[in-house]
Structures are given as C-alpha cells and as structure tokens.
Amino acid sequence: MLQSKLFAPTLRETPAEAEIVSHQLMLRAGMIRKSAAGMYTYLPLAWRVLRKIMQIVREEMDREGGQELALPIVQPAELWKESGRWDVYGDEMFRLEDRHHRQFCLGPTHEEIITTTVKNEVRSYRDLPLRLYQIQNKYRDEIRPRFGLMRGREFIMKDLYSFDVDEAGLEDSYQAMYRAYNNIFKRCGLKFRPVEADSGAIGGNASQEFMVLAEAGEAVILYCDQCDYAANAEKAVSQVQVSDFNGAVKEKELVATPGHKTIDEVCRFLNIQAEQTVKTLFYGTGSGYIAVLIQGNDQVNEIKLGNVTNSKKLYLVSPEEIHEVLGLPVGYVGPIGLDGQIKILGDNRVANLHQVVVGANQEDYHYLQVEPVRDFVGVDYYDLRMAASGEQCPRCSGHLHDLRGIEVGQIFKLGTKYSKALSANFLDEKGQSRLMVMGCYGVGVSRTMAAAIEQNYDGNGIKWPIAIAPFQVHLITVSPEQLPVAKEIYENLSRQNIEVLLDDRDERPGVKFKDADLMGIPIRITVGPKGLAQGEAEVKFRATGNEERWPLDQIVAKTREYIEKCEQ
RNA sequence: CGGGGUGUGGCUCAGCUUGGUAGAGCGUUCGGUUCGGGACCGAAAGGCCGGAGGUUCAAAUCCUCUCACCCCGACCA
C-alpha cells in the first residue's frame, strides 16, 4: 500500500473527547472516527487490524470444531418474549418496529435465535454436539458508553454457542473454548489472564473471563502469588484469618457515643480498631429492604449480595431514607433488636468475631462487647465481602494481589436455561426427549483492538504486536530521491506476502517518522542517503526501539526471519 | 437516570464576568526558500459562535427551553 493513497487522516493534537490512550491514539492515527456516542466508523487502518484479529479468532474456533455462520442482526420480539428476556433486557436493547408495527430488536446477543435455529433442525443426539459461531456487530444501548471502543453501543463480537447432549459434553466444549481463547489472545501478542467470573445476568453456573492486563482496565482482578488462582474482584474470595479469641466473653454494654457516627469517629472515640466493629448497611431491593452486617473495615460486594438476594436492582439506601422510611437513627444503627423488622444478612466473617462494637439503634449510643453469635438474632450468613489485596488465597497459602484488566472474552456454561425456555430438545439413544446443554463464549473483537493499544504504546504512539498490526513493515524514504530503491524493496517484500506500507508522500522526514511512530507498524525500514551509501537500509523496531542496519539484498530474508520469530 | 462539565473554521483553544456584530496556533490551498525526528517566508480559502425562543437599538456574550458530547456511579464483550 502506498501511503499517499491511504485513507488515514492523522491528527497532530489529541481530540478533547478522548480520555484514554487507546481512544486518543486511534483517533490520532486515523483509525476511527465517531458517528454517535459509542458508535464508530472504522477507517482502513483499524479495519485491517480488526480483520487480523477476526482471522485469528476464526482459525482458533475452527480448530476446536466451530462452524461459522451468520445470524440476523434484526431479530423478532417474539423470540425474546418466549425466553423472557424482552422485558429483562430492558433499556439496553435497541428496539424498532417495521411498517406493520411488528416489534424487533437489534441483537445484543444471540442465544434466542441460535437456540431456535438449532432446535428446529436437530432431533437426534447423533446431530450433537454443535459449536456454532459468528463474528458480527452487536448492539447494546449501554447506559453509559465510554472510552472509545472500550465500551461501545455497537461493537464487533465473536459469539459461539455450544449444544451438547449432557454436562460432560458441555465440559468438553467449555474446555475447548478455554484452550481456543488462550490461543487467541496469545497469538494476538497480548498479556492476559483467565480469571473466575460472576456469571451475571446471562445466567448459568460457571464462567471465566479473559482479561488483558492494563491500567485502563475497568475490572479489578485478584490473583495468587503462589498458585494459579485468579478471579474478578466481583467474584474473588479469600481466606480470612479467624483470630483465636481467648479473652473473656463479657456481657454487652450500652455506651454513650454522642455525635460519633462513622466507623472512624466511633473507633477514635472508643480507642478501638475498625476490625472490632460491625457496620450495618441497608440496601433497597426494589420491593423492600435488607440489612447487611459486615466487619467495619470490609466492603460489601454488591454482586455477591445481589446473587444471594436474587435481586438485580440493589441500591444502597440513603441516610435520609433510613431515617425517614425505616425510622432508624443514622449512625447508631445495629442488628440488635432489628430481628423481625427487616431481613438481616451477615458476612461470614462477622460470625467469627468477638467482643465487637455495634450501633444500639438509639441516638448517641453503641453497644460494646457484643458477641455476634450470641447477640445477633435472625441473621443468615453468606460470603458478602470484597476480597482484598494482601489476603490469603482461598486455595493455598499464597497471598492475593490486584491488577487491573480489560475483559476481552468470557466463557459461560449456560446449562439448560435457554434450551428449557425455548424447548430445545433432542432424542437420546434410548428415545427419551432431553434438553440440550448449552454454553456461550464471546470475544470482544473491537475491544481487543483497543486493549492491545492500552497495553502497547508510548508517548509517540501505538506499538502493535506484529500479529495484529495493520501492516508489518513501514517503509520510509528520507527524500524522494530514494523512492526508486524503496519501490524495489517494496515490490520484493510484497511478493513474499509481507504487508508493507510505503510512505511515498512528499513530506519532510520528521513528519514521516512522527506518523510512523503514531501508527505503530512494528518494523520501520528507512531508506536514506546515509545508509544507501553503504548499501544498507536502517531498521527500527517500534516495540523495542532497537535499531539495526540491513544490507539491501538481505531485507526480505531478514524481515521474514523477524516475523517468523515473532510468531513463535 | 442521578451528579459534574463542555459545545466558537478540519484539530486545540481564546473571547463570555463588564452585550457593540469573531480571533490565535496547528491543519488545508497557492507561490517561494528548504529537506535525517511534526521547517520558514508570503498570500488565500474556511465559522449564520450546537439548536429554538426571549430580553435589548444591539447577543458568541444575558434569560428560558432544548439537543449533542465528555467525565463519575448502576450495566457489560
């Protein structure tokens, strides 16, 4: 490709709308332009990268028995009503009507339509398993699209759905996808980690996410420094030390704590640590309230709480609401005496505490020397806390550390949730009708491109991993005089199927170098008078900044050698 | 949806407080000098100041409404 013909309008300055690096650099490098919030045009450079990622995804899906197909983006409402998700999905679904006022949506995901397709055609266990996938745009009217391609309302996703005869088959499919996903992100040249994940709204009972490690990631992951345990912080658990308590158990004692409401204030006033307190938080479920007991220095994990309470719309009740609706003294609330008035859930850790301080449900008073097991009534205990960095791994004696990650893929065991809702049955070898056992597996293709940048950039621009770079070689001349030589190199490389972008523009060298750094093509070959005088070209690797001189007649061989080395 | 912020040539922004009819840098076009890390000189094109309504002799500037976009929270590949 000749750069003079390439439609890649680069920008010198960073557009004000872009906050994070990948968004800024994709705009500046002439890769994307915005059409509306969360909707982008992919210009040629971006599309080349996306096609490479898609190709890697295809190869790995096919290797594990996947078959590519294409499902409609516009889907009839009936299917979604049948599965019950027409209402559940809510405002996140783009909805539309045709001229006959029939309702449709733009597909946010495709369980409904694929399950229907399969159930209509598959009768026998002999036709299973099936692993079907597609790569196409998905539409989700996100509450808040942000960070460029990181959270778009239209994005490219690969989604594969597996249909098996039983749990063992599902396990095979799940493991196949686990392997495939590891290969995909490895081949893309990314540093990533598979982590345990909450299975969330899609349903099902086992799930892992693939996280590209990057500071800009929205997710926090906790991983063990000794074993391979790693989990999304939404899901992570830790072993919390149960301190041996051998002090004297005393009766609880009411103490005046006038004006001291927060954990901090109470601790300072009573000269104790936050670990010796239990805080009582109130959540609204939409249909009522629950009280949550948690150690004073812990955080409630609202995902875990939502799962335990089977509630999607949890919200922390405001102080005003506690005061006015629940009639409780904000700052002095505790579980003692609440029994019967409100459902009380406690974090497991609380049950192991001794001689703690809690609010007394009286203005300006707390209880001291409370024994949770003895003094709390009607409390159900669950794991409700956020695990934290520094705590002990749930599986071994190692400790947890945290990292930020960008979720680029997730694999789910769905079980029979959708096959049941949509009656996807088959006849087994005994002639018995059974439900298909399903899994679903997604890769955010456009997000993977953004994540690759978040992980590979410097102050001058992008540093593409070669496997997904828009071109492999950026060939630059210092002045137009070297163009004939450069064109010969260009032809030689192209003949070997090496993708070269030749900067044949009549620009000053500085401009070309700046644009080259911005675009981030891995191998930069400069043909200039200095090198040419010795029959050499200058080579600079974008990723490392290392420079070499290559004799002109070895450029093709050395380029191939470098690319092959990268592929390993 | 709640909270915060921004809309002025393609990009970055000034002007708004204290109304007087729009500016700079970059980019673009043309001419010239240049040419190994975003050159220099000269000339030019390009904006009904997000939109609607109002106040006023006069509105980018004040008021009302509205739209879009960005950031923080709930959602998620």
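By convention in this document, chain letters (A, B, ...) are assigned in the order of the sequence lines, proteins followed by strands, and residues within each chain are numbered from 1. The figures here come from the full heavy-atom set of this structure, side chains too, leaving out hydrogens, waters and symmetry mates. If you're wondering where the values come from, they're calculated on a predicted model, not measured in any experiment.
In summary, A/E60 and A/R187 engage in a salt bridge, as defined by a charged side-chain N under 4.0 Å from a carboxylate O. The residues A/E548 and A/K558 are annotated as not salt-bridged, no charged nitrogen and carboxylate oxygen being separated by less than 4.0 angstrom. Comment: A/R524 engages A/D517 in a salt bridge, judged by a side-chain N to carboxylate O separation of less than 4.0 angstrom.
Pairing for B/C26 is with B/G10, a Watson-Crick or G-U wobble pair whose two hydrogen-bonding atom distances lie under 3.5 Å. When Watson-Crick and G-U wobble pairs are counted only if both distances are under 3.5 Å, B/A77 pairs with no nucleotide at all. Across every strand in view, B/C16 sits unpaired, with no contact that passes the Watson-Crick or G-U test at under 3.5 angstrom. Taking a pair to require two hydrogen-bonding distances under 3.5 Å in either a Watson-Crick or a G-U wobble arrangement, B/C48 remains unpaired. In this structure, B/A39 and B/U33 make a Watson-Crick or G-U wobble pair, each of the two defining distances being under 3.5 angstrom. Pairing for B/G2 goes to B/C72, judged as Watson-Crick or G-U wobble with the two contacts each under 3.5 Å. Applying the Watson-Crick and G-U wobble criteria (two distances, each under 3.5 Å), B/C62 pairs with B/G54.
Annotation: A/K81, atom NZ; neighbour count of heavy atoms from other residues, nucleotides and ligands within 6.0 Å is above 12. In this structure, A/Q175 places its CD atom where more than 12 heavy-atom neighbours from other residues, nucleotides or ligands lie under 6.0 Å away.
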Measure all distances between protein nitrogen or oxygen atoms and nitrogen or oxygen atoms of nucleotides 40-46 of chain B, and list the pairs falling under 3.5 Å.
none

Distances under 3.5 Å between protein N/O atoms and the N/O atoms of nucleotides 12-15 of chain B, please, pair by pair.
residue, atom, partner, partner atom, Å
B/U12, OP1, A/A16, N, 2.5

Find every protein N or O atom lying less than 3.5 Å from an N or O atom of nucleotides 2-9 of chain B, and list the pairs.
none

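Residue-level contact check: A/F147 touches the backbone only, with heavy atoms under 4.0 Å from sugar-phosphate atoms and none from bases. Nucleic acid contact for A/G152: base, since at least one base atom lies under 4.0 Å from a heavy atom of the residue. A/D91 comes within 4.0 angstrom of no nucleic acid atom, judged by non-hydrogen atoms across all strands. Contact annotation for A/D159: no contact, since no heavy-atom pair falls under 4.0 Å across all strands. In this structure, A/E407 reaches the sugar-phosphate backbone alone: every heavy-atom distance under 4.0 Å involves primed, P, OP1 or OP2 atoms, never a base. Across all strands shown, A/R153 has no heavy atoms under 4.0 Å from either base or sugar-phosphate atoms.
You'll find that the side chain of A/E218 is closest to B/C75, out of B/C75, B/G38, B/U34. When distances are taken from the side chain of A/R508 to each of B/U34, B/C75, B/G38, the shortest belongs to B/U34. Picking from B/A77, B/C69, B/G38 the nucleotide with the shortest atom distance to the side chain of A/Q410 gives B/A77. Of all nucleotides listed (B/G36, B/C69, B/A77), B/C69 comes nearest to the side chain of A/A37. With distances taken from any side-chain atom of A/E142 to the nucleotides B/C69, B/C75, B/A77, the minimum falls on B/C75. If you check B/G38, B/C76, B/G37 against the side chain of A/D517, the one that comes closest is B/G37. When the nucleotides B/A39, B/G27, B/C72 are ranked by their closest atom to the side chain of A/R12, B/G27 comes out on top.
Between A/R146 and B/C72 there is a side-chain polar atom (N or O) within less than 4.0 angstrom of OP1 or OP2.
The ring of A/Y418 has its center no closer than 6.0 angstrom to the ring center of A/Y161.
Taking atom CD of residue A/E302 and atom P of nucleotide B/A74, one finds them 7 Å apart after rounding to whole Å. For the pair A/E454 CD and B/A77 C1', the interatomic distance rounds to 15 Å; values are reported in whole Å. Atom-to-atom, CG of A/L305 to P of B/A74 comes out at 14 Å; the value is rounded to the nearest Å. The NZ-C1' distance, from A/K514 to B/C11, rounds to 17 Å in whole Å. Following rounding to the nearest Å, A/H23 (NE2) and B/C11 (C1') show an atom-to-atom distance of 14 Å. When rounded to the nearest whole Å, the span between CG of A/N232 and P of B/A77 equals 11 Å. The nearest whole Å value for the distance from the CG atom in A/L149 to the P atom in B/C70 is 12 Å.
Every residue meeting the side-chain hydrogen bond (donor to acceptor under 3.5 Å, both in side chains) condition with A/E454, not counting sequence neighbours, appears here in chain and number order: A/S22. Remark: A/A197 pairs with A/S207, A/E209, A/Q410 by the side chain to side chain contact (heavy atoms under 4.5 Å, CB included) rule, at least two apart or across chains. Residues that satisfy the side-chain hydrogen bond (donor to acceptor under 3.5 Å, both in side chains) test with A/S162, not counting sequence neighbours, are A/Y441. Under the rule for a side-chain hydrogen bond (donor to acceptor under 3.5 Å, both in side chains), the partners of A/N137 that lie at least two apart in sequence or sit in another chain are A/Y139.
The stretch residues 527-537 of chain A touches RNA chain B through A/G528, A/P529, A/K530, A/G531, each having a heavy atom within less than 4.0 Å of the strand. Looking at residues 472-486 of chain A, you'll see A/V478 sit with a heavy atom under 4.0 Å from some atom of RNA chain B.
Rounded to the nearest 0.5 Å, atoms SG (A/C440) and CG (A/L414) are 4.0 Å apart. Within the model, atoms CG of A/L160 and CD of A/E64 stand 10.5 Å from one another, a figure rounded to the nearest 0.5 Å. Separating the CG atom in A/L132 from the OG1 atom in A/T117 is a distance of 8.5 Å, to the nearest 0.5 Å.
Of the candidates A/Y40, A/F147, A/Y457, A/Y40 is the only one forming a ring pair (Phe, Tyr, Trp, His ring centres under 6.0 Å) with A/H23.
A stacked arrangement is not assigned to A/F513 and the six-membered base ring of B/G36, the conditions of a centre distance below 5.5 Å and an interplanar angle below 30° not being jointly met.
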Mind running side-chain contact (heavy atoms from CB on, under 4.5 Å) on A/N182 and A/F192 for me, showing each step along the way? CA-CA 9 Å; A/N182 275 293; A/F192 68 98; 3.2 Å; yes
Mind running side-chain hydrogen bond (donor to acceptor under 3.5 Å, both in side chains) on A/Y133 and A/D62 for me, showing each step along the way? CA-CA 9 Å; A/Y133 75 97; A/D62 293 350; 2.8 Å; yes
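Sorted by first and then second residue, the pairs that involve residues 527-540 of chain A and meet salt bridge (Lys or Arg N to Asp or Glu O under 4.0 Å), not counting sequence neighbours, are A/E536-A/R549. The salt bridge (Lys or Arg N to Asp or Glu O under 4.0 Å) pairs that include a residue from residues 464-481 of chain A number zero, where partners must be two or more places apart or lie in different chains.
Under 3.5 Å, the side chain of A/R524 and the base of B/G36 form no donor-acceptor pair of N or O atoms. If you check distances only, the side chain of A/R151 does reach the base of B/C76 with a donor-acceptor pair under 3.5 Å.
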Less than 3.5 Å apart, which donor and acceptor atoms pair up between the side chains of residues 468-475 of chain A and the rest of the protein, not counting sequence neighbours?
residue, atom, partner, partner atom, Å
A/Q472, OE1, A/E499, N, 2.9
A/H474, NE2, A/Q3, OE1, 2.8

